[in-house]
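The structure appears below as structure tokens.
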Amino acid sequence: MQPHYLDEPLWIYPKDDPQWKETIVKEFKIHPVIAQILVSRGFTTLEQIHDYLYAKLPDLYDPFLLEEMQAAVDRVSKAIALAEPILIYGDNDVDGMTGTALLTEFFQDLGTPVFFYVANPGTPRERLIVEALEYAKQNQCKLLITVDCGVTAAAEIATIVQNDLEVIITDHHEPTDKIPHCVATLNPKLLNSTYPNREITGVGVAFKLAHAVTNYLVSEGKIPPKKIDLKRYLDLVALGTVADMGSLIGENRILVRYGLRQLRKTKRIGLMKLVSVCGIDPNDITTFTIASKIAPRLNSLGRIAEPQKGVQLLLVRNAQTAEKLAADLDLSNIERQKIERTMSVDVDNLLSANPEILQNKAIVMFSDKWHPGVIAILSTRFAKHYNRPTVMISLENGIGKGSLRSIPEFPLLSVLKDCSDLLTNFGGHDFAAGLTIPEKNIGEFRKRFIEIAHKTLTDSDVRTKLYLDAEIKFPELTFDFMESMRLLEPYGNENPQPILYSDAKQAWPPKVISKLHLKLYLEQSDEQGDRILEGVAFGKAQQSPFLRKKDLVLRVAFTPQIDTHQGTSIQLLIRNFIII
């Protein structure tokens, strides 16, 4: 039985389909546990599995499958032929910065005059894109290409177009109202889009434009085939896709898998300095190090400082400048962490003083003490921790800027449309969005948002879930097995690290580490003898008193890892356990 003292998630056990599992094992000659993981993840055809495990760069979709790509390529080709200066206008997060750097470098490589502009944090929405107008005029730009933004900015783009500047939008956000009038809108989420990868990120769409232009110029004989090496830009695609939590299945998986290889050998001097500042060996760059170390430093510029510096760092050719920019980024990140810590304490105090907030199936909080650039980090954390749709609103001068994060059972955009009479504007995705709201409307918005959550969500929906992929026995946890698990990489959104489970006896009582964590010593016996594995359960120290009985048997959910601290061994990263 599950003890009452553990506020446990709901364990969701793997799908059971022995026949399908056996078919996968025979077809791909893979370990039965790997086959079970694929069954649990919902693969239903051998073709799907083959693409997931073995898809290569030639399997990327034709960029001309994006609606209006031909119109975009025609206009860009004209700019190249006439040497017209182009302005790349990017969003100020990592997805926007990497896409902006990619297109800027692409046009530089073609010898086309190009400039870039990234909005500073805190710029009022109605000034976004329009603020680049003066910059475009100063540099005689006739064409503006947006990156990771623009699809919800019809009014702002109308202003740009009235000033004799043509616009191509590259974006991946959900359109929320009428589509801006421009030369072409490249976005897989347009209503009439038949592009097969709806989950491509902003930098991915920018890469598709570069790919299409390259194909066209080569086919027309305007550049030699080796003039542009598109693989060189994949480090930027991987960085932006992982930072923006693009799903790592399908085409994104190919882009990130090859992009990681490119990142590990990148010649971008600024990126190399940044990796060094993060204390990462380039050979050890993974989706995890991008998400936990590299992306937060770049993102800190878009949240509290100057995102232009992020693009400069990705493009810089001078070692001294790169060193300085990387150091600036580190300082911005330290500042961002300080602000975040202060805000975390403030939110914890708010929740302690008002425990009723957590009685609802959605969380809506607001304060004039919170930094608008940092609320996204906290809304993500709280939505994950409490498994509820979460809205955090930062107030300044009577205006609220909100960051929203949600759970799979509660898509946001239709809810925001239902509340649009209270909002100045909103946009984003179904599970990560932003809004602007007059302070006087927040009370009504909170009431309406929570009411919709209560009507839509069940108690089970807001309970944290632990999805298990497969059962495994200790003898199967070999270095060969660990190597075969690498087939499932890169891990990330929609392709998480597998969680396995096993029943094991405690060999001896657990050890408390740093007052917070537990080290468990787990033993399993079979005809080949006994095997003991160590496991670390982060944040579970308070459960130590319940694990002091002799011969206690635990059901343990874990991800196996190779530990190299003292020799090389397999260790269990324990996600959860039940006494059985």
Side-chain angles (χ1 to χ4, degrees), residues 7-10 12 93-95 173-174 199 242-247 291-292 295-296 299 303 336 339-341 343-352 354-367 370-394 400-416 418-419 423 426-437 442 445-467 492-496 539 575-576:
D7 180 17
E8 286 303 326
L10 190 63
I12 311 291
D93 63 0
V94 179
D95 194 19
H173 293 92
E174 296 277 0
E199 301 308 316
V242 173
D244 217 53
M245 291 186 67
S247 66
S292 61
N299 248 335
R303 297 192 189 288
R336 192 258 316 153
I339 295 168
E340 196 183 319
R341 276 194 295 273
M343 281 170 60
S344 283
V345 170
D346 193 51
V347 175
D348 287 340
N349 292 340
L350 184 68
L351 292 172
S352 299
N354 303 279
E356 70 281 359
I357 291 173
L358 297 176
Q359 305 298 308
N360 295 316
K361 290 194 169 79
I363 299 169
V364 181
M365 297 184 284
F366 55 93
S367 171
W370 299 341
H371 193 295
V374 180
I375 50 173
I377 299 166
L378 292 187
S379 61
T380 302
R381 187 181 305 159
F382 285 102
K384 199 169 178 181
H385 186 74
Y386 295 109
N387 204 53
R388 282 163 170 70
T390 300
V391 186
M392 296 193 68
I393 300 171
S394 156
K401 284 192 174 175
S403 172
L404 301 85
R405 296 294 180 271
S406 195
I407 56 176
E409 298 84 353
F410 195 77
L412 291 166
L413 290 178
S414 60
V415 180
L416 291 175
D418 288 347
C419 300
L423 307 174
F426 66 92
H429 309 288
D430 266 331
F431 305 106
L435 60 78
T436 309
I437 183 169
I442 291 175
F445 170 77
R446 182 177 179 277
K447 179 168 162 278
R448 213 185 287 180
F449 191 88
I450 289 170
E451 271 172 11
I452 297 170
H454 279 281
K455 277 183 199 152
T456 311
L457 298 168
T458 64
D459 289 344
S460 165
D461 289 337
V462 295
R463 187 169 171 192
T464 308
K465 319 275 188 316
L466 184 72
Y467 291 94
N493 190 24
E494 291 194 46
N495 187 49
R575 308 300 186 102
N576 209 260

Should [X] and [Y] count as side-chain neighbours, where that means a heavy-atom distance under 4.5 Å?
{"X": "R575", "Y": "L466", "answer": "yes"}
{"X": "V374", "Y": "R336", "answer": "yes"}
{"X": "L412", "Y": "F431", "answer": "no"}
{"X": "L423", "Y": "L416", "answer": "yes"}
{"X": "K401", "Y": "I393", "answer": "no"}
{"X": "M392", "Y": "V347", "answer": "yes"}
{"X": "I450", "Y": "V364", "answer": "yes"}
{"X": "P296", "Y": "I377", "answer": "no"}

Closest approach of [X] and [Y], non-hydrogen atoms and distance?
{"X": "S367", "Y": "D346", "answer": "OG-OD2, 4.1 Å"}
{"X": "S344", "Y": "L378", "answer": "OG-CD2, 3.4 Å"}
{"X": "A295", "Y": "V94", "answer": "O-CG2, 3.6 Å"}

Q | Check against salt bridge (charged side-chain N to carboxylate O under 4.0 Å, His left out), D461 and R388 | A | CA-CA 8 Å; D461 289 337; R388 282 163 170 70; over 6 Å; no

Q: May I ask you to check whether N349 and S352 show a side-chain donor-acceptor distance below 3.5 Å?
A: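 No - no donor-acceptor pair under 3.5 Å links their side chains.
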
**Q.** Modelled atom types, side-chain donor and acceptor of T390 and R405, under 3.5 Å
**A.** no

Heavy atoms from other residues, nucleotides or ligands near [atom1] of [X] exceed 12 (cutoff 6.0 Å):
{"X": "M245", "atom1": "CE", "result": "no"}
{"X": "F366", "atom1": "CZ", "result": "no"}
{"X": "K465", "atom1": "NZ", "result": "yes"}

Which distance, rounded to the nearest 0.5 Å, do you find between the [atom1] of [X] and the [atom2] of [Y]?
{"X": "T380", "Y": "L404", "atom1": "OG1", "atom2": "CG", "result": "10.5 Å"}
{"X": "I452", "Y": "K447", "atom1": "CD1", "atom2": "NZ", "result": "11.0 Å"}
{"X": "L413", "Y": "H173", "atom1": "CG", "atom2": "NE2", "result": "10.0 Å"}
{"X": "L435", "Y": "F445", "atom1": "CG", "atom2": "CZ", "result": "5.0 Å"}
{"X": "I407", "Y": "K361", "atom1": "CD1", "atom2": "NZ", "result": "10.5 Å"}

Q) Of all residues at least two apart in sequence or in a different chain, which pass the ring-ring contact (aromatic ring centres under 6.0 Å, His included) check with F410? A) F449

Under a 3.5 Å distance rule, please check whether [X] uses its side chain to pair with a backbone N or O of [Y] as donor and acceptor.
{"X": "R381", "Y": "S379", "result": "no"}
{"X": "N299", "Y": "D93", "result": "no"}
{"X": "S394", "Y": "W370", "result": "yes"}

Q: Walk me through it: do T464 and L10 pass the test side-chain contact (heavy atoms from CB on, under 4.5 Å)?
A: CA-CA 6 Å; T464 308; L10 190 63; over 6 Å; no

Q: Walk me through it: do L351 and M365 pass the test side-chain contact (heavy atoms from CB on, under 4.5 Å)?
A: CA-CA 9 Å; L351 292 172; M365 297 184 284; 3.9 Å; yes

Q: Using side-chain hydrogen bond (donor to acceptor under 3.5 Å, both in side chains) as the criterion, list what pairs up with R446, not counting sequence neighbours.
A: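 Listed in chain order: nothing, the list is empty.
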
Q | For H429, all residues meeting side-chain hydrogen bond (donor to acceptor under 3.5 Å, both in side chains), sequence neighbours excluded | A |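 For H429 there are no side-chain hydrogen bond (donor to acceptor under 3.5 Å, both in side chains) partners, ignoring immediate neighbours.
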
Q) Could you go step by step and tell me if S247 and N495 meet the side-chain contact (heavy atoms from CB on, under 4.5 Å) rule? A) CA-CA 7 Å; S247 66; N495 187 49; over 6 Å; no

**Q.** Chi angles and distances behind the side-chain contact (heavy atoms from CB on, under 4.5 Å) call for S406, D430
**A.** CA-CA 8 Å; S406 195; D430 266 331; over 6 Å; no

